[in-house]
Amino acid sequence: MTDLHRHLRDRLLATLVDLGLARDAAQPLIRLDPPKNRDHGDVALGAFQLAKLAGKAPPALAAEIAAKITSDAIIESAAAAGPFVNFRFRRAALALEVLSAIQSDAAPYGKARGNGDVVCIDFSSPNIAKPFHIGHMRSTVLGNALCRIHRHVGATVHGINHLGDWGMPFAKMMTAYMRWGNEQELHRSPMRYMFDLYKRYGVEVKQNPGLDGEAAAHFRALESGVDNQERRMWKLLRDESLKAFQGPYARLGVTFDHITGESFFEDKMAAALQRVVAAGVLEQSDGASVVWLKELGIKEPCILTKSDGTTLYHTRDLAAAFYREVTFHPTRILYVVGAEQKLHFDQLKGVLTKMQEPIAKAVEHVPFGLVLSKSDDGKWEKFASRSGNAVFLDEILDEAVAKVRAVIREKNPDLANADQVAEQVGVSAIVFNDLKNSRIKDVKFDWDSMLQFEGETGPYVQYACARLASILRKVEVPVPAVDAIDCALLADAERVLLVMMDFGTAVQKAAEQSEPSHVTGHAIALAGEIHSYLRDHYVVGAEPAVRDARLVLVDAARRLLTTGLALLGITAPDRM
RNA sequence: GCGCCCGUAGCUCAAUUGGAUAGAGCGCCAGACUACGAAUCUGGAGGUUGGAGGUUCGAUUCCUCCCGGGCGCGCCA
C-alpha cells in the first residue's frame, strides 16, 4: 500500500463515518483495487459489502461517497459508476509518490524491514550420483525465486537443499558399483561413471530381480551407522555429486543457506519415531509401522518404517520438520516439490496434525507442473531432447545461449563481451520461461519456439533494461533527485506510473501464494509500458525541465525492472 | 475403481481469489527505423470461458453431475 492509497483510505473512512457507518465495521470493507479497465480510474472501490452494512443499494452508496470525496492535493476526482466509485490521483502526486519511493529504494520497491515471518524453503533437492537434469530445474528455479521474494517482503528465509542422498536409489547405485565398478574409472569421471552404472542396474535388474534384495542389504548396512564400505562409498559419491552440482547452480545463480540432505537426518529419525509413538498414533501393519490418516480423509497410511526396520522418505521428512521447528522456529515451511508428490505432503502434514504438533500448520506443499516437449505428432509429452531421451540441464542452457549468441552476432556485432552477455541472456530466457506462468501449469518447451526471443520473454525485459541504460548513457547528465523535477511534466507517463505502483501488490501476492509468476507478469507489463512510452517521448534533446523529469522516470523504470528480475534470480546487462 | 490437478482466441497463457465491456504474447493481416536500441512499437481480425444444472444483485472464479487430458494410490523418492 502506497501513501496515496493510505490517504484515500483515510478520506474514505472519514466519509463513511459521516454517512453513519460504524468505523470498525467499515474499515475492513474498504478494498481498493485497480479497476479492470484503467480508463475508469486509478483505483476503484466496489461498494457492495459497504452497502449491505449501510442498508442501502450499492449504486446509491457509491453516489453518496463520490459526492463527498472532493478533490484535494492528492485526489483529483471521485466518480460513481453504478456500484463502483472510481478515483483518480493527481498526476503530479502520483509521479512524486512512486518515483521518490523507487529512487530512495523504499519498500515495496526496495527490500522491506523484517515482517516477523520465518520461512524455510525446501527446494531443488536433486539425487546424488545422478546428473542434474531438466526435472530438477523447476524446483530449483521456483525455490530460488521464492527465497528472494520472501526476503524482499521482509521475511527471514532459510533456503534449504534437501539433497536426495539417502535411501534405496543410492543403494541401487552402490550395488551396481560393487558388482561392476572399479575405482580408477570412478575417479576419472565420477558423475558420468555413476550414471552409467545406474543405467546398467536398471537394465540388469529386469533379468535378475535379486539385485533389489542386494540393494536393500546395502542400505541396511549403510543405515547401521557403522563405518563400513558402504559408508565410505556414500561419502565419496556425495562429495563428488555436490561438486558437480555447483555447475548448474552457478549458471542459474542459485545459492543455499543450508545443504542438509536426507542423510543429515540419519541420527534424528529414532527420536522422531519415538515422538510418533509417544503421541500414540503409530500402528503396526504387515510388519511395517504406519500412521493411519483415514479420519483426515487420506486412505493410504503413512509408512514410517519398512518391515525390515529401515526408514523411508517420510521418516526423514518428519525428522526434518522437527529439526527445522527447533532450529529455525519457522512460520512457514515451503516444500517446492512437483505436484505428483501431493499425497506425500498431505500425509506428512496429516501425521503432524494427528500428533497435534503445532508445526503441522506451517507445512505447505508448493506443487508445480511437469516439463513437457512437443513430440513429432504434436502431442505434449515428458521432456525429451531433440536427439533422444536423456536431457541434461546444460544441454538446454547451452542451446539457448548459442541462439542468443547468434542473435547478438546479427543485431549487435560490435558488442564487447558478447559471450558473457549471451550466457546471461540465454540462461535467463530459460529461467524466465519457467517462472512466467502459474507454477501448477506444465512448462511446455517447444524446441522451435522456445528460442524465439520476442514478446513475453526474459530477453524482452532485459532488452528494455538495456534500452533504458542506453538512454541514461546518451543523455550525459546525471539523474536528478525527484524533488528537483516538476512532476506535473510526467502527466503523459501515467500508464507507466500506474504499472509501477502495482509492483508491491505483485510481490506481496507472489509471497503469499508462492507464485513468482506475479512478479514475472509485472516485469513484462512494465517493460511493455516503458517501450510504448519511449516511442513518443524523447529524453535526449528534450527541453531541460522535461528531460530531467523523464530522466527520473527512465531511471526508475530501469531500477524497478532490475529489482523485479533480481527477485526471479535474473540479472540484466547494460548492453546486449 | 478411488483421489487430486488441469480445461479460457488457431497455439501458449492472464483475469487483482465472487465484480464493470474476459485481456496479453505467438501466429495471421496492415503499418512505423534520416531524434535517445526495430530483441521494439501502432492498428486489425480472432471468444457460447469443455458441457448441463445450481447458489446470488453479479460466476472464468463457488457447488453438483457429466466429457476430455494429466498425475497419484503400503513398505521408491
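Keep in mind that what you see is a predicted model, and the values were worked out from it rather than measured. Chain naming here is simple, since letters A, B, ... match the order of the sequence lines and numbering starts at 1 in each.
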Could you point out which residue of Trp234(A), Phe265(A), Phe264(A) forms a ring pair (Phe, Tyr, Trp, His ring centres under 6.0 Å) with Trp166(A)?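 Single ring pair (Phe, Tyr, Trp, His ring centres under 6.0 Å) partner of Trp166(A) among Trp234(A), Phe265(A), Phe264(A): Trp234(A).
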
According to the salt bridge (Lys or Arg N to Asp or Glu O under 4.0 Å) rule, which pairs have a member within residues 516-525 of chain A, sequence neighbours left out?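 Salt bridge (Lys or Arg N to Asp or Glu O under 4.0 Å) check on residues 516-525 of chain A returns no pairs.
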
Side-chain N,O (Trp380(A)) to OP1/OP2 (U12(B)) below 4.0 Å: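 For Trp380(A), the contact criterion (side-chain N or O under 4.0 Å from OP1 or OP2 of U12(B)) is met.
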
Could you give the [atom1]-to-[atom2] distance, from [X] to [N], as a whole number of Å?
| X | N | atom1 | atom2 | result |
| --- | --- | --- | --- | --- |
| Glu340(A) | C73(B) | CD | P | 10 Å |
| Arg439(A) | A14(B) | CZ | C1' | 16 Å |
| Asn37(A) | U16(B) | CG | C1' | 14 Å |
| Leu293(A) | G74(B) | CG | C1' | 12 Å |
| Ile524(A) | G25(B) | CD1 | P | 10 Å |
| Asp346(A) | G72(B) | CG | C1' | 11 Å |

Relative to the ring of His537(A), is the ring of Tyr533(A) parallel (under 30°), tilted (30 to 60°) or perpendicular (over 60°)?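 Geometry flag for His537(A) against Tyr533(A): parallel rings.
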
Is the shortest heavy-atom distance from the side chain of Thr315(A) to the side chain of Leu273(A) under 4.5 Å?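 Yes, their side chains come closer than 4.5 Å.
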
Involving RNA chain B, stems made of at least three consecutive Watson-Crick or G-U pairs, both distances under 3.5 Å: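 B:1-7 with B:67-73, B:10-13 with B:23-26, B:28-32 with B:40-44, B:50-54 with B:62-66 - these are the stems of 3 or more pairs that involve RNA chain B.
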
Quick one: salt bridge (Lys or Arg N to Asp or Glu O under 4.0 Å) partners of Lys199(A), sequence neighbours excluded?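 In terms of salt bridge (Lys or Arg N to Asp or Glu O under 4.0 Å), with neighbours along the sequence ignored, Lys199(A) is linked to Asp196(A).
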
Between Pro301(A) and Phe219(A), which residue's closest nucleotide on RNA chain B lies nearer the 5′ terminus?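 Of the two residues, Pro301(A) wins.
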
Given RNA chain B, 5'-ward residue of the pair Val43(A) and Ala339(A), judged by closest heavy atom: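 The residue mapped nearer the 5' terminus is Val43(A).
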
With no hydrogens and no angle check, do the side chains of Glu515(A) and Ser438(A) hold a donor and an acceptor under 3.5 Å apart?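 Note: Glu515(A) and Ser438(A) side chains miss the donor-acceptor criterion.
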
With the sugar-phosphate defined as primed atoms, P, OP1 and OP2, and the base as all remaining atoms, what B/S/- string results for nucleotides 4-10 of chain B, 5' to 3', for protein heavy atoms under 4.0 Å? SSSS---

Give the B/S/- string for nucleotides 33-40 of chain B, one per nucleotide from 5' to 3', where a protein heavy atom under 4.0 Å of the base yields B, of only the sugar-phosphate yields S, and otherwise -. --BBBSBS

[X] to [Y] - nearest heavy-atom pair and separation:
| X | Y | result |
| --- | --- | --- |
| Asn86(A) | Pro35(A) | OD1-CB, 4.4 Å |
| Ile524(A) | Tyr460(A) | O-CE2, 3.9 Å |
| Phe432(A) | Glu456(A) | CE2-O, 4.3 Å |

Hey, could you give me each pair passing ring-ring contact (aromatic ring centres under 6.0 Å, His included) that has a residue in residues 295-315 of chain A? Not counting sequence neighbours.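 Residue pairs passing ring-ring contact (aromatic ring centres under 6.0 Å, His included), neighbours aside: Tyr313(A)-His344(A), His314(A)-His344(A).
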
Which pairs count as ring-ring contact (aromatic ring centres under 6.0 Å, His included) when at least one residue sits in residues 29-48 of chain A, sequence neighbours excluded?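 Listed once each, the pairs are Phe48(A)-Phe84(A).
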
After noting the C-alpha distance and the side-chain angles of Asn127(A) and Tyr198(A), does the key distance pass the side-chain hydrogen bond (donor to acceptor under 3.5 Å, both in side chains) rule? CA-CA 12 Å; Asn127(A) 294 323; Tyr198(A) 193 79; over 6 Å; no

Considering residues at least two apart in sequence or located in another chain, which fulfil the side-chain contact (heavy atoms from CB on, under 4.5 Å) criterion with Lys474(A)?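 With neighbours one apart ignored, the set is Ser470(A), Val540(A).
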
Among residues at least two apart in sequence or on other chains, which ones pass side-chain contact (heavy atoms from CB on, under 4.5 Å) with Val153(A)?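 Result, side-chain contact (heavy atoms from CB on, under 4.5 Å) vs Val153(A): Asn115(A), Val507(A), Gln508(A), Ala511(A).
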
Residues in contact with RNA chain B, drawn from [range] - heavy-atom cutoff 4.0 Å:
| range | result |
| --- | --- |
| residues 498-513 of chain A | Lys509(A), Gln513(A) |
| residues 53-61 of chain A | none |
| residues 309-316 of chain A | Leu312(A), Tyr313(A), Arg316(A) |

State whether [X] and [Y] are salt-bridged, where the test is any N-O pair (Lys NZ or Arg NE/NH1/NH2 against Asp/Glu carboxylate O) under 4.0 Å.
| X | Y | result |
| --- | --- | --- |
| Glu266(A) | Arg316(A) | no |
| Lys354(A) | Glu295(A) | yes |
| Asp502(A) | Arg38(A) | yes |
| Arg138(A) | Asp442(A) | no |

Identify which nucleotide among A14(B), C2(B), U16(B) has an atom closest to any side-chain atom of Ser438(A), counting heavy atoms from C-beta outward.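 Of the candidates, A14(B) comes closest.
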
Compare the ring of His344(A) with the six-membered ring in the base of A77(B) and state whether they stack (centres under 5.5 Å, planes under 30°).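 Whether judged by distance or by angle, His344(A) falls short somewhere, so it does not stack on the base of A77(B).
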
Identify whether any heavy atom of Gln341(A) sits under 4.0 Å from a base atom; if not, whether one sits that close to sugar-phosphate; answer base, sugar-phosphate or nothing.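 Touches a base.
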
Does a sphere of radius 6.0 Å around CD in Glu423(A) hold more than 12 heavy atoms from other residues, nucleotides or ligands, not counting ones at 6.0 Å or beyond?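 Yes.
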
